[in-house]
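A note on names: the letters A, B, ... follow the listed sequences, proteins ahead of strands, and every chain is numbered from 1. As a basis for the values below, the full set of heavy atoms in this structure was taken, side chains included, without hydrogen atoms, waters or symmetry mates. Here the structure is a predicted model, which is why all the values come from computation and not from measurement.
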Amino acid sequence: MRGLLVTLLMIISMAAQGFDIYEFDTAEQEQRYRKLITELRCPKCQNQSIGDSDADIAEDMRRKTAELINEGKTDKEVVEYFRARYGDFVSYRPPMDATTVVLWFGPAVILLLGVFGVVFAVRRALRRQLDDDEETL
Amino acid sequence: MRASIWLIPVVLFFALAALLYASLGRDTETLPSALINQPVPAFALPDLLDENTVHTEAIFEGRWALLNVWGSWCPTCYVEHPYFMQLAEQGVDIVGVNYKDAKDKAEKYLMDLGNPYSEIIVDREGDFALDLGVYGAPETYLINPDGIILVRHAGEVNAQVWEEKFQPHLPSSVDATVVPAPAAPMP
């Protein structure tokens, strides 16, 4: 009974993976493949990685990713291959340039502004309290 | 002075709200193409109707052409097909890419609806489409006589899209005039 259940679960999980299992020469290459398909973004079904998506184009891109890795391409070269065809959009790690500088530094700038704001407010409150204390003296 | 400090978050709030409101309903499906002003990627693929003929990127030299990626499995392709028939009749040179399709189904599609294409490149595996940055069908490109991609349009091409996106790039001598031989009739 338990054996049957395990077999059933294995079949279901294999079906969920979409059956495209690629052969790699080394375990390291397979690791890189698994990492890359989570970092490449599916252009058709936005907000899914090509590893998550069932779209035709995601399947093609997984196939190409496996092919390129087997050809000995580095991770950078694989991402560059897709970027040349689909633009920066395809990578979940956008490059830093004039159009993305706000994305990269915006949060830090807002955080700094917040810190300054808090410091300013606290210091002013303290000073006022001191002033009040002096007045009561 | 004090009043103006309390205005800052209010102004920021309205600025953010305005920005987000302006972005509502914006088309996020259409991606900028990485291939604009780039040459057509290299390929060597057979013709749909004559498998002994192999087409390469050289077919785009010396002609203004549309490159239309289509498949008989693609619903929007049926929608835009009559417009391509009309364009072909007006003398616009259209090269088809039959994308991830079966030969018999593709042929039936053309038999039923007509063939607006001068040549049809068969891309069964989708490798050429990957090089073009295609992420679905239909997609249509405008290619100049130097083989450079000027326009990329994802989705249906209709009169409005043609006038707004494609026509401005075409020299008046090419628009609505026959470039090379018109589309070959279906056997």
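A search for side chain to side chain donor-acceptor pair (under 3.5 Å) contacts involving B:E61 returns nothing, not counting sequence neighbours. Qualifying salt bridge (charged side-chain N to carboxylate O under 4.0 Å, His left out) partners for B:K105, counting only residues two or more places apart in sequence or in other chains: none.
Between B:H81 and B:Y109, the distance separating the two ring centers is shorter than 6.0 angstrom.
Geometric assessment of A:R83 against the ring of A:Y81 yields a negative cation-pi assignment under the 6.0 Å and 45° thresholds.
Between A:D60 and A:K64, none of the side-chain N atoms (NZ, or NE/NH1/NH2) sits under 4.0 Å from a carboxylate O, so this pair counts as no salt bridge.
Through chains of ILVMFWY side-chain contacts below 4.5 Å, A:V115 is grouped with A:V119.
When B:L132, B:V134, B:L130, B:L35 are compared by the number of non-hydrogen pairs under 4.5 Å with chain A, B:L130 comes out ahead.
Annotation: residues 39-46 of chain B contacts chain A through no residue [non-hydrogen atoms, separation under 4.5 Å].
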